[in-house]
Every structure is written in C-alpha cells, then in structure tokens.
Novice: 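This is the structure I want to talk about, given as structure tokens.
Chain identifiers are assigned alphabetically (A, B, ...) following the order of the sequence lines, protein sequences preceding nucleic acid strands; residue numbering begins at 1 within each chain.
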Amino acid sequence: MISVFQLNESQRQAVEWGEKSLLVLAGPGSGKTAVLTMRIANIIKNSPDENFRILGLTFTVKAAKEMKDRINMLLGNMDNRVQLRTFHAFCTDLLRQHGSHLNLKPDFSVITDEKDRIAILKELDVDNPEDILSRIDTMFTHGISVEELPKYFTPENQTECYDLQTIFNQYIQALSKENQLDFGSMLYFTRQLLETKPRIARQLRTVYKYICVDEFQDTNLAQYLILKLLAPTENANLFIVADEDQIIFQWNGADPKRLESLKSDYNIEVLQLPYNYRCQKEIVEIANKLIEHNSYRIHTKKPGIPFSDESGTVKLTSYENFDHELSGLVDEINVIPLKSRDKCLLIARSNKLLTAANKYLNEHSINAEIVSKNQDFSSPILLTMYFCLKLANAANSRSVLNKLCASATDINGLVLSAEDISAKAHVEGSSLLRAFFDTASQSEILNPVCNAGISYLCDTIQFQKFIEIYINHFDYLNTDDEKDDLFPDYKDDKENWTRIAQDIEDTYEGNVGLHVFLQEMDLTPKLKSIGKDCVRLQTVHSAKGMEFDHVFIIGLAEEQFPTYFAIRSGNKSIEEERRNCFVAITRASKSLYLSYANEYFGWHKQPSRFLKEMGLLND
DNA sequence: GGCGGGACCATTTTT
DNA sequence: TGGTCCCGCC
C-alpha cells in the first residue's frame, strides 16, 4: 500500500485536490486507484463534522470492489460517507427508492439473460427480435429518446423509424408491467427520473458534494448524461480518472469524443500521472511508440515514463504457420519454472486462436486454462436454489418456473414439467413455487429442501434460512463419498455464492431484502477457479486492468490483430485495434513475448502493422 | 485432363 | 483482401 510519503509529485497533487473539477489522465500502472481512494479518504478525514457524502462511480463490479476494499483500509468504519457503486448499481438503488414516480415497484428484478429480453419482444409479435433488440440497445447506450429517433433515419425510412418508436415504447411498458429492468432501461429510467423530478436531482446534489468517476473512458453517452444531471453546473466537484488510450469498448458506446465533451462541458483542469510503475522500460517504450500512431488523442498527453530502471524483455518471433507458432510458444513457456506459471498470461485477439492454443498447450503437458467470466451459475444444484429464490421474488413468472424445472430435472433426472406444475397451481389456487415444491418433494434427493422451501419461501419469507438448509443438505450429500462427478461445478458455484453473499452482507450489513439480494447476485460476475501451475489464456478485453510478470501475445498478423473487420471498416476501427494492442502489451510487467505466423488456417497473412509501429519490424 | 468459377473464413462482451 | 480445393463442364 502506497502512503502519502511515497507519492510522486503529480500523484500528490491529485490526492490533495479539493474543490473544482479535475481530469486525471492515468495510463497503465500509474497508480490511479491509489490516488482516487486516497483523495476520497483525505476529504472525509478533513471534514469530520460535516455530513455530505462522496459518490464514486465505476464501470465494472471489479473496480468498485477494489476501491471499496482500499477505502475500507484507509477509513475503517468512517467509510459510511462514501458510496462506491457501478453506474448500473447506482441506478438500481435510485430506482428502488424513487422509481414509484415512474410506476416502478421497488422490488423489481434484473434481467441479465438475453433470451428473456428476446422473449419479451416475441410476446410483442416482433418480426426479427434479435435485430430489434440491438437497435433498442443502441438507443439505450446512446441515450436516444423516441422523439429524437427520426434524426437517425433518412426521410424515405421514416416508416421503419416509426415502427421502432412503437416497439421501443411497448418494450419499456412491458418491462415496467412485468416489474423487470434490463441494463439499458436502468439508465433510461434513471435519466427520466432525474429529468422529470428535479427535486430528486437537487437532493442528490446536496448529498453528494463530490463525485468521482473511475475508468471514465468506458462510459457511454447514456451514463454521461446521468452524470451531467448529477453535476449540472460547470463548477461541480468532479474527479474523473480516464485513459483515452484504453478505450476498447467502442462497440458498447464508449467513445474518444466523450473526453472532449467533458472538457467543454466543465471548467475542468487536466493532470497527467506520467509514471508507469508496472511495466519495465522496454515495454513502456514500445507502448509509447505504438500509441503515438493514434490521431484522436488529447494532445497534452505525454508518453508514459517507466518508473523503474530495471531491464525487461521484449522478444518477437515469427513462424511459418500457426502450428509452428504454437510449438514455439510451448518452448518459451517451458523455460518458465512451474511455480511462476500463474504469473503468465497468454493473450490473443480472438477466442478462435485462444481455443486452439489452449488445446495445443494441454496436449504438450503445459497446464493452461481459458479464463472467462461466466455470468451465470452452472451447476444444476445451485441453479435450482437460485431459481427457487427468483420465483419467490417474482411469483407469477412462467419463464423462471421453466428454468427452475429444467435445472431441477438436471439434478437427478426426475422430470418436472412446468406445464403440469402451472396447471396444479391454477387448480389448487396456490403459488407456482408452492406447486413446484409439492411436486418436487417426490424426489428423494430434493425432498428435504422442498420442505424447507415451503416453510421459508412460501409460508414465510426467511430466504437466508432456506439457503442455509439447502446448502447444508447438498454439502452433506457431496461429502458423503466421492460424488464430484455427480455434482459437476457445484464447488465452484458454491464458492462464488458464498463470496458474493458475504459481499452483500458487508455492503448492507445483514439488512437486505430478497429482491436486493438477487439483484446483487445477478450483477456480480462469477469467477472460475484456476488449476495449479496454470497458464492463463485470455482475450484482450477480459484482461483489461490486470497485470502479469510474463505476457505472451500470439497472432500478431494482419487480419488477426488488427482484425479483418477493423481493416475493412477504416481508420476509426484501426485506432481501436491499436488501443487493444496497447492494452495487451501493457499487461506485462517484466517480459513480453510477441509472435506471428505467415499462415493461419490455410490463409497467408502479413505481419501486423503494429509490430512495425512499435519499431520491432522494418517495412 | 484441363479449365473456370464459386465457396471457404473473417471480433471483442461489460453492465 | 487473400490461396486452395472441389465441382462441373468441355
């Protein structure tokens, strides 16, 4: 942990920043999280008698959690004046409190499954729901209202525009009627709330005197508009941390232009954290050279400066074809001792190359695993418990019942029909969940948890008690003998469950309703445990924010990295690819192994232009 | 047996 | 944008 005394000059300036807005340009490894959290802690410590709060907004759950942990270390139990949330979690908090103005009930649930969104559109008799959904998402991420929509259509396409307007309105109505929100609508409703109820916005402004935003470059327009409603004047106290060279979510609405808007909308000062504490100097040098080729940059940003004098390694190797490249990779990894394998990261631009590399490495006795965040639980046991809770929260949802029946059927093969259970509930005038428990109790393995379910989810709501009994039951069955095969993924799922449940406990201090509990469960990514002495394989996007001693990047060839798509669609996309490459190489602290082949899957490819730009290859 | 023409393949994924 | 393979036709 860095203390105030170890800060460099620009870091200290940022930490001690008080009133007015500041934009902190923070490259890879510049210590931005330390700066952000220490500045927050400073303000709180220097105002013990005041009761304003500080709002910290992040883009990812992981970043919010990281900041929470650090703030907790710095402030201990004084941290109740600091609210650290992702944009989306902040919006749900707000909508649970004030959503009644928009006819939203406080116990709404969160849709995370694309299929459920498609299902809503199908109910509305939409022709090609996938296409319409992506249009609706574009409206959401760009904050485009129904009224503004005609601007985006040519005069001869106005019918198409009118159709989309109608469907968008119907979709919004369906969400509020079914008491469900998806990610996009959270932002949509929040903006509407703050625009139509200026009193609420004003109240928030009084409470949150300071607002910090981490990874600002990732915000889409809808999020930025919400920020502007929270801090409408140019004299606001915004503290924005951003790196324009790491915008790699453009396809999701992030845009280099956002920083320009920020600078013109606010009377903002700019400060750069120039030192790179992560990467050794050879790596910083090629990263600087590479990113210089991007033209959409704030011109005041200076190249990164390596903090350490120590020498790192940058090695480029070329191969005849992809097979040779993989074989060369095996040789390189074999040099690294087993105990350091968990400090190795293999990056590829696409999952196709990553999958092939994974297969090859494992066939050549190198432990390797593709690391990707899986959004959902995967073991039937945990899923069944989770859907029981969901059905307790959304009592009439047929789609939840369908999923519950499917997962419960997977546990032991006793077929549970959603159709029959629904009919039974109708005849008996009971809830879907009660009818489910009545039916499923015929299964020997499920019987004890069904009884618990009736007592603690139907007769009374004591969902924590239900969870406890449910998990104990399967823990008992699981330790009975070697039944790992019988309960696939149960261990990983349970670890995730207990971890998230603990986080929720910490955040809400044990005082949490079922809908909020489920919301946090839904919005928190589930991690996969990784084997011993294992090399991690990740795509560029999923590796963002991480750091490893040794990084291997394969497939540095034209039409792989940069991708074929980017090359075809022009300079704006190439610049995003360049930022992707920048993010990839700056994951490495000590050594960086780059490689390309002349042939992939039978197609001849040129070496990536980025290698030339980094000065590693001549024209 | 030699040829012309068409098919083949092409990204990332948070909230 | 590529190279290669296979099919059908002459």
Side-chain angles (χ1 to χ4, degrees), chain A residues 57-65 85-93 95 110-114 117 133-134 137 140-141 181-190 213-224 226 246-254 321-322 347-356 370-376 519-527 537-546 555 557-570 573-584 597-609:
Chain A
L57 294 172
T58 66
F59 195 64
T60 62
V61 177
K62 200 175 125 200
K65 165 96 175 120
R85 301 295 268 160
T86 62
F87 266 99
H88 288 86
F90 172 75
C91 292
T92 54
D93 292 347
L95 292 173
V110 175
I111 312 181
T112 51
D113 191 344
E114 282 300 275
R117 307 178 67 211
L133 195 61
S134 81
D137 276 336
F140 278 148
T141 53
L181 296 185
D182 59 10
F183 291 117
S185 61
M186 289 174 197
L187 304 176
Y188 172 86
F189 282 120
T190 301
V213 184
D214 189 21
E215 305 253 34
F216 176 83
Q217 75 276 0
D218 288 329
T219 45
N220 58 39
L221 191 52
Q223 291 164 324
Y224 184 59
I226 289 171
Q246 293 192 65
I247 303 168
I248 57 173
F249 288 102
Q250 215 164 25
W251 43 268
N252 194 45
N321 58 41
F322 187 37
I347 298 179
R349 179 64 179 89
S350 69
N351 281 308
K352 192 180 179 185
L353 291 194
L354 217 53
T355 313
I370 295 181
V371 180
S372 58
K373 268 165 247 146
N374 32 349
Q375 185 61 57
D376 296 309
Q519 170 201 306
E520 295 286 340
M521 267 297 159
D522 286 335
L523 295 185
T524 311
K526 287 72 185 176
L527 312 166
L537 276 62
Q538 297 188 227
T539 57
V540 185
H541 287 81
S542 73
K544 200 180 170 201
M546 307 183 98
E558 288 289 294
E559 292 165 16
Q560 293 288 340
F561 200 173
T563 61
Y564 167 79
F565 273 104
I567 293 168
R568 282 198 79 183
S569 51
S573 307
I574 290 291
E575 298 216 342
E576 173 125 331
E577 287 295 287
R578 197 175 281 117
R579 290 190 292 267
N580 263 301
C581 188
F582 179 81
V583 169
N598 294 316
E599 194 197 297
Y600 290 90
F601 311 106
W603 300 93
H604 189 262
K605 303 285 171 190
Q606 296 295 316
S608 170
R609 66 188 73 186

Novice: Counting only side-chain N and O atoms of A/Thr539, is one of them less than 4.0 Å from OP1 or OP2 of B/dT13?
Specialist: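 Answer yes for this pair, as a side-chain N or O of A/Thr539 is under 4.0 Å from OP1 or OP2.
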
Novice: According to the interplanar angle, ranging from 0 to 90°, do the rings of A/Phe322 and A/Tyr600 count as parallel (below 30°), tilted (30 to 60°) or perpendicular (above 60°)?
Specialist: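 Tilted, since the angle between the ring planes falls between 30° and 60°.
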
Novice: Just the rounded figure in Å: distance from C1' of B/dT11 to CZ of A/Arg579.
Specialist: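 Distance check: A/Arg579 CZ to B/dT11 C1' gives 15 Å.
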
Novice: Hey, what are the protein-to-nucleotides 2-4 of chain C N/O distances that come in under 3.5 Å?
Specialist:
none

Novice: From CZ of A/Phe87 over to P of B/dT15, roughly how many Å is that when rounded to an integer?
Specialist: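 Going from CZ in A/Phe87 over to P in B/dT15 covers 13 Å.
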
Novice: With sugar-phosphate meaning primed atoms plus P, OP1 and OP2, does A/Asn351 contact a base, only sugar-phosphate, or nothing at under 4.0 Å between heavy atoms?
Specialist: sugar-phosphate

Novice: Within the distance-only criterion (no hydrogens, no angle test), does the side chain of A/Lys526 pair as donor or acceptor with the backbone N or O of A/Met521 below 3.5 angstrom?
Specialist: yes

Novice: Can you tell me how far P of B/dA10 sits from CD of A/Glu599, to the nearest Å?
Specialist: 15 Å

Novice: Starting at CE of A/Met186 and ending at P of B/dT14, how long is that distance when rounded to a whole Å?
Specialist: 15 Å

Novice: Taking any heavy-atom pair under 4.0 Å as a contact, classify A/Lys352: base, sugar-phosphate, or nothing.
Specialist: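 It contacts sugar-phosphate atoms only.
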
Novice: Can you tell me the distance, in whole Å, between the CZ atom of A/Arg568 and the P atom of B/dT11?
Specialist: 13 Å

Novice: How close or far is atom P of B/dT15 from atom CG of A/Asp214, stated in whole angstroms?
Specialist: 13 Å

Novice: Between the main-chain N or O of A/Leu354 and the side-chain N or O of A/Asn351, is there a donor-acceptor pair closer than 3.5 Å?
Specialist: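 Checking the backbone N and O of A/Leu354 against the side chain of A/Asn351, no donor-acceptor pair under 3.5 Å is found.
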
Novice: Ignoring hydrogens and angles, does a donor from either the side chain of A/Asn252 or the base of B/dT14 sit under 3.5 Å from an acceptor on the other?
Specialist: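 Under the 3.5 Å cut-off, the side chain and the base do form a donor-acceptor pair.
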
Novice: Write down the distance between CG (A/Asp113) and P (B/dT13), rounded to a whole number of angstrom.
Specialist: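 Between P of B/dT13 and CG of A/Asp113: 18 Å.
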
Novice: Sort out for me which residue in A/Thr112, A/Thr524, A/Thr92, A/Asp93 forms a side chain to side chain donor-acceptor pair (under 3.5 Å) with A/Gln519.
Specialist: A/Thr92

Novice: Could A/Lys352 and A/Phe601 be counted as a cation-pi pair, given that NZ or CZ must be under 6.0 Å from the ring centre and within 45° of the axis?
Specialist: yes

Novice: Using a 4.0 Å heavy-atom cut-off across all strands, classify A/Val540 as base, sugar-phosphate, or nothing.
Specialist: nothing

Novice: As an exercise, state the distance from OG1 of A/Thr60 to CZ of A/Phe249, rounded to the nearest 0.5 Å.
Specialist: 8.5 Å

Novice: Show me, pair by pair, the donor-acceptor contacts under 3.5 angstrom made by side chains of residues 560-570 of chain A, not counting sequence neighbours?
Specialist:
from, atom 1, to, atom 2, distance (Å)
A/Thr563, OG1, A/Ala566, N, 3.2
A/Tyr564, OH, A/Arg568, NH1, 3.2
A/Ser569, OG, A/Phe565, O, 2.9
A/Ser569, OG, A/Ser573, OG, 3.0

Novice: Return the value, rounded to whole Å, for the distance between atom CG of A/Asn220 and atom C1' of B/dT15.
Specialist: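 The answer, rounded to whole Å, is 9 Å.
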
